[in-house]
Amino acid sequence: MAKNLLIVESPAKAKTIEGYLGKDFLVKSSYGHIRDLVKTDDAIDTANNFEQKYEVPADKKAVVSELKKLAKSAETVWLASDEDREGEAISWHLYETLNLKESSTKRIVFHEITKPAILKAIEQPRKIDFNLVNAQQARRVLDRLVGFELSPVLWKKVKPSLSAGRVQSVAVRLLVDREREINKFEPEAAFRVVAIFFTEENKKELFKAELSKRFATINEAEKFLNDCIPASYHVKSLETKPSKRNPAAPFTTSTLQQEASRKLGFSVARTMTVAQRLYESGKITYMRTDSVNLSDTALQAAEQEIRSAYGDKYHKRRQYKTKSAGAQEAHEAIRPTYFNQHTIEGDHSEKRLYELIWKRAIASQMSEAEFEKTTAKINISTRNEEFTASGEVMKFDGFLKVYFESTDEESEVNLEESDDNALLPPLRNGQQLGLKEMTATERFSRPPARYTEASLVKKLEELGIGRPSTYAPTISTIQNRGYVVKEDREGKQREYNVLTLGHGKVNTTKKTEITGAEKSKLFPTDIGILVNDFLVEHFKDIVDFNFTATVEKEFDEIANGLKEWTAMLHNFYGPFHKEVTDTIENADRASSERILGTDPQTGKQVSVRIGRFGPLVQIGSADDEEKPVFASLRSGQMIETITLEEALELFKLPKKVGKYEDKEMTVAIGRFGPYIRHNNAFYSLPKGIDPMDVNETQAIEIIELKRKKDIEKVIKTFDENPEARIEQGRWGPFIRFGKQNIKIPKDKDVDKITYNDILQLAESDKSNTGTKKKVPAKGKSKTAKKK
DNA sequence: CAGTGAGCGAGCTTCCGCTTGACTT
């Protein structure tokens, strides 16, 4: 038996450390927290100094009993969980649960998993810091009280099974607020003037310059262009300035999620699972961190790699400081374990994420990129405004050799508008310029951007809300609760004017652009808005953006021994609990109903609200003699924004359009867009056809076309049974057998499949799915009933 | 992808943070 048992939080970490410490040490993992509050309402005794009831959850029983056994036979137990609030509490829970003795227990901490750091830690053991433990208890108890008192209020006043919490409710609020800003935003148009010039010396080398002023109306823009017809242009001033750009700090969890989203299109959850695999296979350091710090060992390794791969002048040693509030910095920044591995073996997403991490970490230790920026001001002989042309020349690439950090704005900006780094021809002061062409283009101001998963994480981090380990789960929770959906939305067409001055005259043309199209953005749902408004009305303090920051300050005071944790909770809980009981007693049920107006055909009231099956429009009210009629809202339509006209439109479908093969054809709009229903089959309408105008002949055409296409997909049929065939699917050929779709096994040649093979495959496929359904997902019914 | 939109009411839902698998598709 080993003399020493050392316990860390993560098994991968345990493996690494065991290698550093040799035979006298057995290194094991607690797999995070080993105890939690019981799930019942009596977990906290609010009348008795917030005394807590803890239990070891079922999935931790095995870990705990193994650790217990090992602790018993060890001379010394080293508690080496992370050095932050949660880590300290884990040590304390271990101490209590494993029945450890003070004399044979040592608490150690380190911020990086390197041999010198571990050895040094072992030389400096300490005791469990109960101030820190108390700060964690205060955090844990407060979160439980908030979550388990607010949620039942929602069950009573809104709908069962809803949830509220310190973190998730603020996340939803951010989205609701932003959605409203976007809805009320009114774009302002302005005419942006761009001229294309050339010099007498070289008429072929054209360059762009932008007018320093934009015009609010088309008349002003037109007058300007007309004034420019007889004008001459010359360089009024010329300025050349050096500029520098510095690399970004190495990744934290939040910045990794943002870059992986922008550059690789990963959801935050996907980023974390891929990173977890990289961590477990020893390729990167820990991926849940808020620290931008690199260990000395890492700094040296990076330096060596940069000097040998790119040369001495590309290296610059840099230390970064964290900017985010409430960072606990128990770990290093996310970095490759070995800097000399530029790429790794693994699947596609592992490779790409690793390269991103490698590049970012390496670049963070490289020299700045140097530029020379030239700005020329250009005079107009007939007007007082002036044009500005600018060009940028890179003098030294520095860190840009490996890494370029993207920004959220970047994807928003029109490419035509970002020609900042274009090259300028050689120019001199006073030089005459020729004008090739000038355009005044109508541009509209943009509403604030909708959040993506990653930009929401960024915002939460800025507000100090949530932790690296909870960003991805929080984003999932608000989607699973139905408060938020992630989806694409089609934009709308918009006309804009372009005035062109060329060949001595001004032309006006109208062009169209798509605006407001969204890809993979977060939208609050009707229920999300309803719950948010209810919470904002009745629990203003809890969903305040500064609530977390305020309580965090108090947790810090507890951690520093300046405040008593139960006193802090008393202060909070008294008024909070009173608000809860007041709300239960006095507040009205939250109503989503909005009256849109009256139906011109029947004179009855038109209203929208959330029904049992989602948002609906209702014509007439329950008090009327005639029963009210209903229609569901379509995806993208919301109670808050739908108009009377749009609501009435919903009653025009489904519509019968005629008969084909003696069966009725019906046009309707479903979840995947407009479709024709015929003989229990669905035929989606091609894009651009308005479902309201479809007539009988058109509908028949669409059905016949789809059938023809379906026939083209068939690769092979079988005489034995017309129900069996091989078809070309989206991902390759597959077998269709009645209603069964069967995958073709890899070892089978598509051409040689016989009807007998199909019968066999169909049978085993059936038994497969059969047993799958019979085995219930144990303990995780939540994920199963997601739909 | 249709249709649904009543009412009664037992028993259930729910938080945030720290960790991985063991399950699906």
Side-chain angles (χ1 to χ4, degrees), chain A residues 8-14 29-37 39-41 43-44 57 59-60 63 81-82 84-90 93 136 139-155 159-169 273 276-277 279-280 286 288 328 330 465-471 473-474 477 481 542 548 609-618 622 627-632 634-635 653-654 666-677 680-685 769 772-773 775-786:
Chain A
V8 292
E9 292 176 35
S10 143
K13 209 191 260 186
S29 153
S30 74
Y31 293 81
H33 275 293
I34 51 147
R35 277 210 307 197
D36 193 13
L37 294 172
K39 283 181 187 58
T40 44
D41 285 342
I44 296 157
D59 57 332
K60 290 291 164 63
V63 179
S81 47
D82 296 345
D84 57 16
R85 225 159 49 199
E86 299 297 327
E88 203 68 22
I90 288 175
H93 283 303
Q136 193 273 347
R139 199 279 306 155
R140 180 67 189 91
V141 169
L142 181 133
D143 280 337
R144 167 58 69 87
L145 291 172
V146 169
F148 275 41
E149 294 211 7
L150 279 190
S151 302
V153 177
L154 296 180
W155 305 344
K159 202 176 110 172
S161 301
L162 295 175
S163 67
R166 175 176 58 83
V167 173
Q168 59 169 281
S169 297
T273 28
Q276 176 89 29
R277 289 207 298 271
Y279 167 64
E280 280 170 17
Y286 198 55
R288 289 187 276 265
Q328 312 213 354
I465 298 171
R467 303 278 312 130
S469 66
T470 60
Y471 294 138
T474 300
T477 299
R481 292 274 173 280
I542 307 295
T548 292
R609 65 184 167 88
I610 300 173
R612 265 213 298 160
F613 310 104
L616 61 86
V617 193
Q618 176 176 349
K627 274 193 177 175
V629 286
F630 302 95
S632 296
R634 287 178 207 149
S635 134
L653 292 173
T666 320
V667 176
I669 294 188
R671 220 152 56 82
F672 311 123
Y675 64 90
I676 299 167
R677 201 183 157 123
N680 258 337
F682 298 94
Y683 304 87
S684 48
L685 287 189
T769 51
K772 267 177 207 162
K773 270 179 192 156
V775 178
K778 53 175 173 184
K780 284 215 169 176
S781 58
K782 268 175 246 159
T783 46
K785 68 175 182 187
K786 207 164 122 195

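Just so we're clear, the structure is a prediction, and the values are computed from it rather than from any experiment. Side chains are part of it too, since the values below use all heavy atoms of this structure and drop only hydrogens, waters and symmetry mates. Sequence lines set the chain letters: A, B, ... in the order given, protein chains first and strands last, and positions in each chain run from 1.
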Any side-chain to backbone donor/acceptor pair from S81(A) onto V8(A)? Under 3.5 Å, distance only. no
Sequence neighbours excluded, the answer for salt bridge (Lys or Arg N to Asp or Glu O under 4.0 Å) partners of E86(A) is R139(A)
Please give, in whole Å, the distance from dG3(B) C1' to F682(A) CZ? 12 Å
All pairs passing salt bridge (Lys or Arg N to Asp or Glu O under 4.0 Å) where residues 160-169 of chain A contributes a residue, at least two apart: D143(A)-R166(A)
Mind calculating the distance between CD1 (I676(A)) and C1' (dC1(B)) to the nearest angstrom? 13 Å
What is the distance from CG of D41(A) to P of dC15(B), rounded to the nearest Å? 13 Å
Assign S81(A) to base, sugar-phosphate, or nothing according to its heavy-atom contacts below 4.0 angstrom with the strands shown. nothing
R609(A) CZ to dG5(B) C1', in whole Å, measures 6 Å
For nucleotides 9-12 of chain B, tabulate all protein N/O to nucleotide N/O atom pairs closer than 3.5 Å, reporting atom names and distance.
none

Distance, rounded to the nearest Å, where E280(A) contributes CD and dT20(B) contributes C1': 7 Å
Please check: side-chain N/O of T470(A) versus main-chain N/O of G466(A), any donor-acceptor pairing under 3.5 Å? no
Taking all non-hydrogen atoms of both residues into account, name the closest pair between K60(A) and H33(A) and its distance. NZ-O, 2.8 Å
How would you label the contact of Q168(A) with the nucleic acid (heavy atoms, under 4.0 Å): base, sugar-phosphate, or nothing? sugar-phosphate
Would you kindly give the CG-to-C1' distance between L154(A) and dC15(B), to the nearest whole Å? 12 Å
Report the nucleotide, chosen from dT14(B), dC1(B), dG5(B), that has the shortest atom-to-atom distance to any side-chain atom of R481(A). dT14(B)
Contact between R140(A) and D36(A) at the side-chain level, heavy atoms closer than 4.5 Å - yes or no? yes
Nucleotide-level pairing of DNA chain B, given in dot-bracket where Watson-Crick and G-U pairs need both distances under 3.5 Å and | marks other strands: .........................
Quick one: are F148(A) and P152(A) in side-chain contact, heavy atoms under 4.5 Å? no
Contact under 4.0 Å: S163(A) side-chain N or O vs dC15(B) OP1/OP2: yes
Side-chain contact test, heavy atoms from C-beta onward, threshold under 4.5 Å: evaluate it for D82(A) versus K13(A) and give yes or no. yes
With rounding to whole Å, what would you report as the distance between dG9(B) and dT13(B) at their C1' atoms? 16 Å
Classify the nucleic acid contact of A164(A) as base, sugar-phosphate or nothing, counting any heavy atom under 4.0 Å across all strands shown. sugar-phosphate
Partner residues of K159(A) under the salt bridge (Lys or Arg N to Asp or Glu O under 4.0 Å) criterion, sequence neighbours left out: none
Less than 3.5 Å apart, any donor N or O on the side chain of Y286(A) or R288(A) sitting next to an acceptor on the other? yes
Taking the side chain from S29(A) and the backbone from E9(A), do they hold a donor-acceptor pair closer than 3.5 Å? yes
Ring centroids of Y675(A) and dC1(B) base under 5.5 Å with planes under 30°: no
Of the non-hydrogen atoms in R481(A) and S163(A), which two are nearest, and what is the gap between them? NE-OG, 2.7 Å
What does the list of N/O pairs under 3.5 Å between the protein and nucleotides 17-19 of chain B look like, with a distance for each?
| from | atom 1 | to | atom 2 | distance (Å) |
| --- | --- | --- | --- | --- |
| dG17(B) | OP1 | R166(A) | NH2 | 2.7 |
| dG17(B) | OP2 | T470(A) | OG1 | 2.9 |
| dG17(B) | O4' | R139(A) | NH2 | 3.2 |
| dC18(B) | OP2 | S469(A) | OG | 2.8 |
| dC18(B) | O5' | S469(A) | OG | 3.4 |
| dC18(B) | O3' | E9(A) | OE1 | 3.2 |
| dC18(B) | O2 | H33(A) | N | 2.6 |
| dT19(B) | OP1 | Y286(A) | OH | 2.3 |
| dT19(B) | OP2 | Y286(A) | OH | 2.8 |
| dT19(B) | OP2 | R288(A) | NE | 2.9 |
| dT19(B) | O5' | Y286(A) | OH | 3.3 |
| dT19(B) | O4' | G32(A) | N | 3.4 |

Q618(A) side chain near dG5(B) phosphate (N/O to OP1/OP2, under 4.0 Å): no
Gap in Å between the two P atoms, one belonging to dT20(B) and one to dT24(B), rounded: 23 Å
Value in whole Å for how far the P atom of dC23(B) lies from CG of D59(A): 14 Å
NZ of K39(A) versus P of dC16(B): gap in Å, rounded? 15 Å
